[in-house]
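Read through the structure below, which is laid out as structure tokens, and then see the notes.
All values reported here derive from a predicted model rather than from experimental measurement.
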Amino acid sequence: MSRICELTGKGRQVGNNVSHANNKTKRVFLPNLQNVTLLSEKLERGFKFRVSTHGLRSVEHNGGLDNWLLKTKDEKLSSRALKVKRELKKAVADAA
């Protein structure tokens, strides 16, 4: 499983370890991924995602999973998140 946030698309970054002698070696910075269940208010269900802690704060700041999915571009979302987004759009259209 790749180390990419399913909601924000945040992935690994590369950089250098720099020693006191100024020797540089490559290293990897991995996102802090957590397995969480996020609740959808409109669908009245929970969905399991692998989300970075930064992404989790962003979702809560935007008012929950429903608002986050409707605001976010499709390119950033994983296939599972896109599936939930389509289901959510359909539920919103049916309610209106």
Side-chain angles (χ1 to χ4, degrees):
M1 184 180 277
S2 62
R3 294 183 183 259
I4 296 177
C5 176
E6 291 188 281
L7 297 181
T8 61
K10 185 179 187 127
R12 69 182 203 144
Q13 294 182 319
V14 292
N16 288 312
N17 276 332
V18 181
S19 69
H20 185 67
N22 207 27
N23 297 328
K24 294 172 185 76
T25 56
K26 284 289 186 187
R27 64 155 298 174
V28 176
F29 297 94
L30 297 174
N32 184 7
L33 295 178
Q34 305 294 323
N35 293 317
V36 294
T37 302
L38 297 172
L39 300 175
S40 171
E41 295 169 359
K42 293 180 180 147
L43 298 175
E44 298 176 348
R45 291 182 22 209
F47 296 95
K48 288 188 176 187
F49 290 111
R50 194 161 186 219
V51 184
S52 65
T53 52
H54 170 72
L56 197 55
R57 284 193 310 270
S58 299
V59 168
E60 293 302 318
H61 179 75
N62 283 298
L65 180 64
D66 297 343
N67 291 340
W68 174 262
L69 288 175
L70 293 175
K71 279 179 60 173
T72 307
K73 295 179 183 176
D74 291 350
E75 296 84 42
K76 282 189 171 183
L77 299 173
S78 69
S79 58
R80 285 181 32 201
L82 278 172
K83 195 179 201 182
V84 175
K85 183 176 181 177
R86 276 189 237 110
E87 195 176 327
L88 184 62
K89 281 185 176 179
K90 185 177 179 191
V92 169
D94 290 344

- Item | Heavy-atom side-chain contact between Leu38 and Leu7 under 4.5 Å | yes
- Any chance you could measure Leu65, atom CG, to Lys42, atom NZ, to the nearest 0.5 Å? 10.5 Å
- Message: For the CG atom of Leu77 and the CH2 atom of Trp68, what is their distance to the nearest 0.5 Å?
- Response: 8.0 Å
- Arg27 atom CZ: more than 12 heavy-atom contacts under 6.0 Å: yes
- His54 versus Ser58: any side-chain heavy-atom pair under 4.5 Å? yes
- Message: So Val36 and Leu56, do their side chains get closer than 4.5 Å, heavy atoms only?
- Response: yes
- Side chains of Lys48 and Asn35: does their closest heavy-atom pair fall under 4.5 Å? no
- Got a sec, which residues hit side chain to side chain donor-acceptor pair (under 3.5 Å) with Lys26, two or more places apart in sequence or on another chain? none
- Item | Nearest-0.5 Å distance that lies between atom CG in Asn62 and atom CZ in Arg57 | 13.0 Å
- Message: For the CG atom of Leu82 and the NZ atom of Lys76, what is their distance to the nearest 0.5 Å?
- Response: 13.5 Å
- Query: Lys73: what forms a side chain to side chain donor-acceptor pair (under 3.5 Å) with it, not counting sequence neighbours?
  - Reply: none
What donor-acceptor contacts under 3.5 angstrom involve side-chain atoms of residues 86-96, with partners at least two apart or in another chain?
residue: Glu87; atom: OE2; partner: Arg45; partner atom: NH1; Å: 2.7

- Between Phe47 and Ser40, which heavy-atom pair has the shortest distance, and what is it? CE1-CB, 3.8 Å
- Message: Hydrophobic cluster membership, with links at side-chain heavy-atom distances under 4.5 Å among I/L/V/M/F/W/Y: are Leu30 and Val14 in one?
- Response: yes
- Query: Hey, is the main chain of Glu41 close enough, under 3.5 Å, to the side chain of Asp66 for a donor-acceptor pair?
  - Reply: yes
- Task: Could you state whether Leu43 and Leu69 fall into the same hydrophobic cluster, counting links through intermediate Ile, Leu, Val, Met, Phe, Trp or Tyr residues with side-chain heavy atoms under 4.5 angstrom apart?
- Result: yes
- Message: For a 4.5 angstrom cut-off between non-hydrogen side-chain atoms, does Val84 reach Glu6?
- Response: no
- Task: Specify the closest pair of heavy atoms between Ser52 and Thr8, including all atoms of both residues, with the distance to one decimal.
- Result: OG-OG1, 4.0 Å
